[in-house]
Amino acid sequence: GGGASRGHGGTTRGPGNRADDAEALARVRAAMDALPEAQRVALVLHAWEGLGYGDVAELLGCSYDAVRVAVAHGRRTLRRRLADLLEDGS
């Protein structure tokens, strides 16, 4: 059967929300692209690909500490550039 309304236990996401999501995604991508390459690559490999600092260091041919610093600086920069998005999401 059709036509029965089902509750989804949350707010309905309409077209306006999808546009907001697309804008937020575009801002995240732009912020990532603006990072120095070493920070961007280290952050992607560690945070999104799930590699440990040691594995990232081996792949990039740098030290464990260099990866830790690059990831920390990249995260800090992204938090600063995207602070309004993080506040809206809470």
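What you see below is based on every heavy atom in this structure, not just the backbone, and it leaves out hydrogens, waters and symmetry mates.
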If two hydrophobic side chains count as joined below 4.5 Å and joins carry through other members, does Tyr53 share a cluster with Leu78?
yes
Over all heavy atoms of both residues, which pair between [X] and [Y] is shortest? Give the atoms and the distance, please.
X	Y	answer
Ala66	Ser63	N-OG, 3.0 Å
Tyr64	Ala57	N-CB, 3.8 Å
Ala47	Arg75	CB-NH2, 4.1 Å

Answer yes or no: is there a side-chain heavy-atom contact under 4.5 Å between Val71 and Val56?
no
Can you measure from CG (Asp20) to CG (Leu25) and round to the nearest 0.5 angstrom?
12.5 Å
CZ of Arg81 to CZ of Arg76: how many Å apart, nearest 0.5 Å?
12.5 Å
Side chains of residues 34-45: which donor-acceptor pairs under 3.5 Å do they make with residues two or more places apart or in other chains?
residue	atom	partner	partner atom	Å
Arg40	NH1	Asp33	O	3.3
Arg40	NH1	Leu35	O	2.9

For Arg27, all residues meeting side-chain hydrogen bond (donor to acceptor under 3.5 Å, both in side chains), sequence neighbours excluded:
Asp84
Any side-chain to backbone donor/acceptor pair from His46 onto Gly52? Under 3.5 Å, distance only.
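Not a single qualifying donor-acceptor pair exists.
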